[in-house]
Participant: 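Sharing a structure here in structure tokens format.
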2 protein chains.
Amino acid sequence: MDPDEPEGRVAPTTGGAGRDGTGVPGGRRKQRVSMADVAELAGVSSQTVSRVSNGRPGVIGSTREQVLAAMRELGYRPNSAARALRYGRFNTIGVILFSLSSTGSSRTVEAIATHAAAEGYAITLIPIDVATQDNVLGAFTRMGELAVDAVIVIMEIHLLDTSTVQLPPGVHVVVVDSDAGDRYCVVDTDQADGARKAVRHLLDLGHRTVWHVTGPESSYAAQRRGQAWRAVLAEAGRPVPAPLHGDWSAESGHAAGLLLAEVPECTAVFAANDQMALGLLRAFHERRRSVPADISVVGFDDTADAPFFIPPLTTVHQDFAEVGRRCVQRVLRQIRTGDDSRPGTDLVPTRLVVRGSTAPPGG
Amino acid sequence: MDPDEPEGRVAPTTGGAGRDGTGVPGGRRKQRVSMADVAELAGVSSQTVSRVSNGRPGVIGSTREQVLAAMRELGYRPNSAARALRYGRFNTIGVILFSLSSTGSSRTVEAIATHAAAEGYAITLIPIDVATQDNVLGAFTRMGELAVDAVIVIMEIHLLDTSTVQLPPGVHVVVVDSDAGDRYCVVDTDQADGARKAVRHLLDLGHRTVWHVTGPESSYAAQRRGQAWRAVLAEAGRPVPAPLHGDWSAESGHAAGLLLAEVPECTAVFAANDQMALGLLRAFHERRRSVPADISVVGFDDTADAPFFIPPLTTVHQDFAEVGRRCVQRVLRQIRTGDDSRPGTDLVPTRLVVRGSTAPPGG
DNA sequence: CCGCTTGATGTTTACGTGAACACGTGACCT
DNA sequence: AGGTCACGTGTTCACGTAAACATCAAGCGG
């Protein structure tokens with residue numbers, strides 16, 4: 001904190017020699033324009049400035065204009081910290097996630113940010129990067145606190161328990177990828193229903209059974225998709241092949257595809273996301289297994305690119321924007337009613353989008 | 001000093017007798033535990049609590065333990081607003097962007113968030129969604145303020161001028177996608193060099209010239225890639241075909257590809273990003289134009305999926321993580337030195353990744 | 001034994017804002 | 001006309017924290 005502030009700005013207090021700032025160097029380097037400065041220039045009290053600033057009634061037009069003019073001249077901007085202190089809230093929602101790189105989370109976060117902004121809330125990202133966990137620990141632990149009124153967790157909540165970031169007690173929480181509907185308020189895509197649609201679509205086309213490439217076990221969404229896949233097959237009395245384990249990446253899908261290409265009776269595969277489906281398509285192409293003539297492939301997510309895969313991918317459409325919207329809606333309700341404890345699961349429906357990667361078997 | 005405490009506050013708990021109801025931690029405790037509460041329980045002054053909270057010296061071990069115990073018992077968490085007010089800064093960096101959905105921005109934002117967290121700074125997202133601009137306007141204008149010490153702008157800075165979000169004067173700015181290196185501190189991928197590498201690679205393979213599918217005009221990155229493409233061709237004395245205009249989407253790349261497939265002399269295309277390259281591959285596949293035998297395709301970004309396209313995509317690798325890292329580094333330097341005015345452009349190098357989508361012409 | 005230093009802890013104060021209240025003025029009602 | 005009421009504006013104060021200063025006890029050399 002070296003006091004070498006160059007005083008480059010238009011100093012509001014220099015107009016009058018009222019405060020002998022020149023004689024008292026230890027005094028105040030007033031970098032920021034406060035309500036008091038505006039009030040002084042406008043010749044009113046700071047309370048009137050406050051009223052104008054917040055658009056409150058009780059200020060006559062001419063006075064308001066004077067204040068606004070003073071604000072413009074000084075470049076006044078309200079101090080959020082003081083406001084947050086005064087009001088006891090930050091108008092900010094924290095979003096805890098592993099990675100923005102995964103398809104779903106970035107789109108969900110975007111929707112959250114947009115809807116939150118519309119409600120006057122800002123979004124603070126709290127990334128939990130396993131690789132740099134210690135750094136993050138250092139940051140938020142040393143800082144002491146998250147300046148948020150509520151938190152949206154986009155990950156399996158159990159993973160958060162083992163993490164170094166702790167949820168401050170008393171903040172409201174909405175969880176996206178979790179089965180903790182009994183303890184938390186959960187908003188999520190209806191994973192099970194989406195997976196059911198995918199598998200049933202393949203069975204309806206006449207495939208005897210359906211193989212499955214899973215997502216990582218740490219993802220509850222992946223677990224539920226896998227469970228639903230298994231359930232539909234069992235229900236229909238079909239054999240349940242051993243699932244192939246993926247990690248969301250196209251690379252893992254590619255590896256699974258190379259294995260499946262060696263299984264002659266495999267005519268249909270349900271990949272737990274579109275990226276792995278892309279890897280499957282690639283692997284089958286390498287192994288001269290034609291999609292969909294030899295093998296049908298269904299993905300999950302309906303990314304923007306899926307229609308342009310070769311062949312265009314049949315997939316389950318997720319409405320990430322709606323998930324984000326409901327997250328914000330839920331979390332704001334919690335904040336506003338003060339009701340932290342309304343668990344329950346809010347499922348956003350999916351939609352099967354049939355494109356060119358599925359066909360009856362034995363084409 | 002205290003004539004009558006009106007108690008008008010909506011006290012959710014603690015019926016009446018003072019705040020020393022420490023014996024009842026259950027139920028809905030008072031949400032705000034302040035240093036004073038901790039101080040009272042620990043039998044010290046609030047200043048001592050402050051010292052412990054900040055890890056300052058000058059507190060004897062036994063006292064420190066008492067304070068820490070009191071903190072734990074009450075679930076104390078420091079009030080960031082009060083801290084920000086006291087210190088005059090928020091330890092927060094704002095990130096202004098259009099969309100998280102584009103490949104680059106989400107990865108850059110993630111890197112920014114991670115590195116900022118490591119330095120004790122949080123990230124606040126400020127999305128500028130054109131469709132809901134009025135909403136965003138409502139939010140941030142009515143709120144009046146962004147609680148940030150600095151801002152990283154991931155968009156052409158001119159677009160911000162026309163937006164409803166205004167950069168508060170005095171905050172430090174780092175820009176990612178812009179040519180405003182004379183006025184702002186700019187960090188960006190070396191777009192021109194990356195594009196040069198792509199085009200030269202195709203020329204080196206023996207192609208007579210290279211077609212180009214551009215990104216949107218609003219993107220300076222897209223502009224620079226196009227300029228470099230043109231420059232390399234002109235420099236080499238090759239004809240410069242009319243560029244096809246895309247918008248980053250696979251769909252626009254697909255549309256361009258359908259047109260290019262009808263141009264027999266077109267043997268090489270440089271797409272301004274990987275998604276459009278995917279659309280090209282799809283279009284050429286539909287039109288039975290073999291890649292790379294008939295046409296070579298180069299993309300830009302090196303997304304995680306690019307190795308699994310059919311064929312695997314030759315593309316220009318962008319180091320988004322490094323861009324994010326340098327953004328944080330720059331913006332923190334500005335904050336710490338107080339030097340807002342150090343313009344200049346910081347370019348992150350690219351790397352050409354040759355895969356299966358390029359080959360000599362006339363295959 | 002005094003006075004000075006050192007270190008631990010308490011007290012005061014200000015950060016910028018806005019709710020609650022006080023004040024003053026003019027209009028309207030009886 | 002007197003009273004009251006609405007309205008514009010000013011004053012006081014508290015929000016939670018931490019710097020600056022004050023206090024107090026113990027140690028220590030002269």
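Chain naming here is simple, since letters A, B, ... match the order of the sequence lines and numbering starts at 1 in each.
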Participant: Determine: side-chain N/O of B:Y76 to OP1/OP2 of D:dG16, distance under 4.0 Å, yes or no.
Facilitator: no
Participant: I need the minimum non-hydrogen distance between A:H172 and A:Q334, along with the two atoms involved.
Facilitator: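 Looks like CB-OE1, 3.0 Å.
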Participant: Are OP1 or OP2 of C:dA19 and a side-chain N or O of A:R56 less than 4.0 angstrom apart?
Facilitator: yes
Participant: Answer with base, sugar-phosphate or nothing: what part of the nucleic acid does B:V44 contact at a heavy-atom distance below 4.0 Å?
Facilitator: sugar-phosphate
Participant: Whole angstroms only, please: what is the CD1-P distance between B:I60 and D:dA25?
Facilitator: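 These atoms are roughly 15 Å apart.
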Participant: Heavy atoms under 4.0 Å, any strand shown: does A:L85 hit a base, just sugar-phosphate, or nothing?
Facilitator: base
Participant: Tell me: CE of B:M35 to C1' of D:dC15, nearest whole Å?
Facilitator: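 Interatomic distance, CE of B:M35 to C1' of D:dC15: 12 Å.
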Participant: For B:F90 and C:dC15, what is the distance between atoms CZ and P respectively, to the nearest whole Å?
Facilitator: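 Distance, rounded to whole Å: 16 Å.
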Participant: Does D:dA19 have OP1 or OP2 under 4.0 Å away from a side-chain N or O of B:S50?
Facilitator: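 Answer no for this pair, as no side-chain N or O of B:S50 is under 4.0 Å from OP1 or OP2.
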Participant: In whole Å, what is the span from the CZ atom of A:R86 to the C1' atom of D:dA14?
Facilitator: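 For the pair A:R86 CZ and D:dA14 C1', the rounded distance is 7 Å.
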Participant: Judged by atom type as modelled, is there a donor-acceptor pair below 3.5 Å linking the side chain of B:D149 to the main-chain atoms of B:N91?
Facilitator: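 Judged by distance alone, yes, a pair lies under 3.5 Å.
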Participant: Between B:S45 and B:A82, name the one whose nearest nucleotide on DNA chain C is closer to the 5' end.
Facilitator: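 Going by which nucleotide is closer to the 5' end, it is B:S45.
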Participant: Check the distance between D:dG16's P and B:N54's CG and give it to me in whole angstrom.
Facilitator: 17 Å
Participant: Can you tell me which nucleotide in C:dG18, C:dG16, D:dT17 comes closest to the side chain of A:Q47?
Facilitator: C:dG18
Participant: Has A:S46 got a side-chain atom pairing as donor or acceptor with A:A36's backbone, closer than 3.5 angstrom?
Facilitator: no
Participant: Let me know the distance between CZ of B:R51 and P of C:dT11, rounded to the nearest Å.
Facilitator: 12 Å
Participant: Do A:S53 and A:R83 meet the criterion of a side-chain donor-acceptor pair at a distance under 3.5 Å?
Facilitator: yes
Participant: Hey, does the side chain of B:T63 come within less than 4.0 Å of C:dT9's phosphate (OP1/OP2), counting only N and O?
Facilitator: yes
Participant: Can you check the B:Y87 OH to D:dA20 P distance for me, whole Å?
Facilitator: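 Distance check: B:Y87 OH to D:dA20 P gives 11 Å.
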Participant: B:Y87 ring centre to B:R89 NZ or CZ under 6.0 Å, with the angle to the axis within 45°?
Facilitator: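 Judged by the rule, B:R89 and B:Y87 form a cation-pi pair.
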Participant: Indicate whether OP1 or OP2 belonging to D:dG10 is found under 4.0 Å from a side-chain N or O atom of A:T48.
Facilitator: yes
Participant: Using whole Å, what does the distance between atom P of nucleotide C:dA8 and atom CD of B:Q66 come to?
Facilitator: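 These atoms are roughly 15 Å apart.
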